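This is a predicted model, so every value here is computed, not measured.
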Amino acid sequence: CLGDSFDIHAGGIDLQGNAGADTSLQFVNSTGAMIGLQDVTTTGAQDYTGATTFNGTYTTAGVAFTVTGTTTLAANATVDTTNAGGAPLGADITFTDVIDGASMFTLTGGTTGDVDVQDNVGETTPPTGLTINGDNIDVQDITTTGDLILRPNATLAADGLPRGLVTLNSTINTNGGAVTLGPAGG
């Protein structure tokens, strides 16, 4: 365990072990030219600024998760702001730049957490699959070599209309994989 929180700003950050595995960290705020991560578990926000490489599962307890910079999937990776269902409302997940890497990628924002992918997925190296669960889902170009699953929140708002929306801002190419658009949990 790294203590109660992890707030570091350096040229390069390479976290070799699992942060918050025994006791969740309060938050992680990392800024570096290159950031390498294993599993990270927090009760608060996780914010990464720089070229970030994912190698595991990143969990918050109903608090936002943000990557400002490119993301590389070095292994199958999951971002979950619901604390594995312990905080089902979840929180927003935001990626501001390209996401690349030949691995599976799952984003779970919960019933009120929006998932906002502001740049392309699979621009150079497509993921082998992509699953996004959240209240509203906003994505750009997506290229995968396998299945794409987009599941917005299907609960009804006070006006009786479904809450969750999927906004596709460009093209989707799964190279023969299935595309599923349906309610979360479906």
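At least one donor-acceptor pair closer than 3.5 Å links the side chain of Asp100 to the backbone N or O of Glu123. At distances below 3.5 Å, not a single donor-acceptor pair connects side-chain atoms of Thr52 with backbone N or O atoms of Thr71. The backbone N or O of Asp135 lies less than 3.5 Å from no partner atom in the side chain of Asp114, so there is not a single donor-acceptor pair. Put simply, the side chain of Asn76 never gets that close to the backbone of Ser103: no donor and acceptor are under 3.5 Å apart. Distance alone, capped at 3.5 Å, is enough to place a donor-acceptor pair between the Thr96 side chain and the Gly69 backbone.
Residue Thr31 holds its OG1 atom at 11.5 Å from OH of Tyr48, rounded to the nearest 0.5 Å. Taken to the nearest 0.5 Å, the CG atom of Asn83 stands 7.5 Å off from the OG1 atom of Thr41. Taking CG of Leu130 as the start and OG1 of Thr106 as the end, the distance is 7.5 Å to the nearest 0.5 Å. The distance from atom CG of Leu107 to atom CG of Asp116, rounded to the nearest 0.5 Å, is 11.0 Å. Distance check: Asp80 CG to Thr60 OG1 gives 7.0 Å after rounding to the nearest 0.5 Å. In this structure, the separation between OG1 on Thr128 and CE on Met104 is 5.0 Å, given to the nearest 0.5 Å.
Closest non-hydrogen pair, Val79 versus Ile93, comes out as CG1-CD1, 3.8 Å. The two residues Asp92 and Thr112 come nearest to each other via the heavy atoms OD1-O, 4.1 Å. Contact detail for Thr82 and Gly110: the closest heavy-atom pair is CG2-CA, 3.4 Å. Listed here is the closest heavy atom pair of Gly122 and Pro127: CA-CD, 3.8 Å. Of all heavy-atom pairs spanning Val67 and Thr70, the tightest one is CG1-O, 4.4 Å. The shortest non-hydrogen separation linking Thr42 to Gln26 is CB-O, 4.1 Å.
Residues Val139 and Val121 form no side-chain contact, since every pair of their non-hydrogen atoms from C-beta on lies 4.5 Å or further apart. No side-chain heavy atom of Val28 sits less than 4.5 Å from a side-chain heavy atom of Tyr58. Gln118 has its side chain within reach of Thr94: a pair of non-hydrogen atoms, C-beta onward, lies under 4.5 Å apart.
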Note to self: For Asn136 and Asp138: C-alpha separation, side-chain torsions, deciding distance, then whether side chain to side chain contact (heavy atoms under 4.5 Å, CB included) applies.
What the structure shows: CA-CA 7 Å; Asn136 295 297; Asp138 191 350; over 6 Å; no

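The only option from Thr108, Asn133, Ile132 that meets the side-chain contact (heavy atoms from CB on, under 4.5 Å) definition with Arg151 turns out to be Asn133.
There is no path of hydrophobic side-chain contacts, each under 4.5 Å, that joins Ile142 to Val98. Residues Leu37 and Val63 do not share a hydrophobic cluster, clusters being chains of Ile/Leu/Val/Met/Phe/Trp/Tyr side chains in contact below 4.5 Å.
Between Phe65 and Phe54, the ring-plane angle classifies as perpendicular under the 30° and 60° cut-offs.
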